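The structure presented is a predicted model; accordingly, all values stated were derived computationally and were not measured.
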Amino acid sequence: MIVDARGHRCPTPSLKLQKAMQDMAPGARLTLLATDPMARIDVPHLMAGLGGETVSIEEADGVLTIVVATPAVPTA
């Protein structure tokens, strides 16, 4: 799934990503597109807090492409 947050400022990209993750299966991957440079910092912090993973962060022509994986199912 692609979450397009281009043109939005902090905290909107992280909030859009978090909302999109709610209906995703554990371990699913999402791609966030963002133009706010703070997303490079905010998204890894969000994912760490949620137990997910920041898979990659790339930038081209002022657009960040951030791939994340949703948290895995906790083992009991």
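Grouping the Ile, Leu, Val, Met, Phe, Trp and Tyr side chains by contacts below 4.5 angstrom, directly or via other members, places Met21 apart from Leu33. Put simply, Leu46 and Val67 are part of two different groups of oily side chains (I, L, V, M, F, W, Y) that touch within less than 4.5 Å, one to the next. Criterion: ILVMFWY side-chain heavy atoms under 4.5 Å apart, direct or through other members. Under it, Leu50 and Val3 are part of a common hydrophobic cluster. Val55 is not connected to Val63 by any chain of hydrophobic side-chain contacts under 4.5 Å among Ile, Leu, Val, Met, Phe, Trp and Tyr, and they are in different clusters.
Pairing each heavy atom of Ala39 with each of Leu64, the nearest pair is CB-CD1, 4.1 Å. In terms of heavy atoms, Thr35 sits closest to His8 at OG1-N, 4.4 Å. Of all non-hydrogen atoms in Leu32 and Pro13, the two that sit nearest each other are CD1-O, 3.9 Å. Across all non-hydrogen atoms, the minimal contact from Gly27 to Thr70 is N-OG1, 2.8 Å. When all heavy atoms of Leu30 and Ala20 are compared, the pair lying nearest together is CD2-CB, 3.7 Å. The two residues Val43 and Val68 come nearest to each other via the heavy atoms CG1-CG1, 3.7 Å.
With rounding to the nearest 0.5 angstrom, the CD1 atom of Ile66 is 8.0 Å from the OG atom of Ser14. In this structure, CE on Met24 lies 10.0 Å from CG on Leu17, to the nearest 0.5 angstrom. Note that the CD atom of Glu58 and the OG1 atom of Thr31 stand 10.0 Å from one another [nearest 0.5 Å].
Counting only residues at least two apart or in different chains, salt bridge (charged side-chain N to carboxylate O under 4.0 Å, His left out) contacts with residues 33-53 comprise Arg9-Asp36, Arg40-Glu59. For residues 15-24, the set of pairs meeting the salt bridge (charged side-chain N to carboxylate O under 4.0 Å, His left out) definition, not counting sequence neighbours, is empty.
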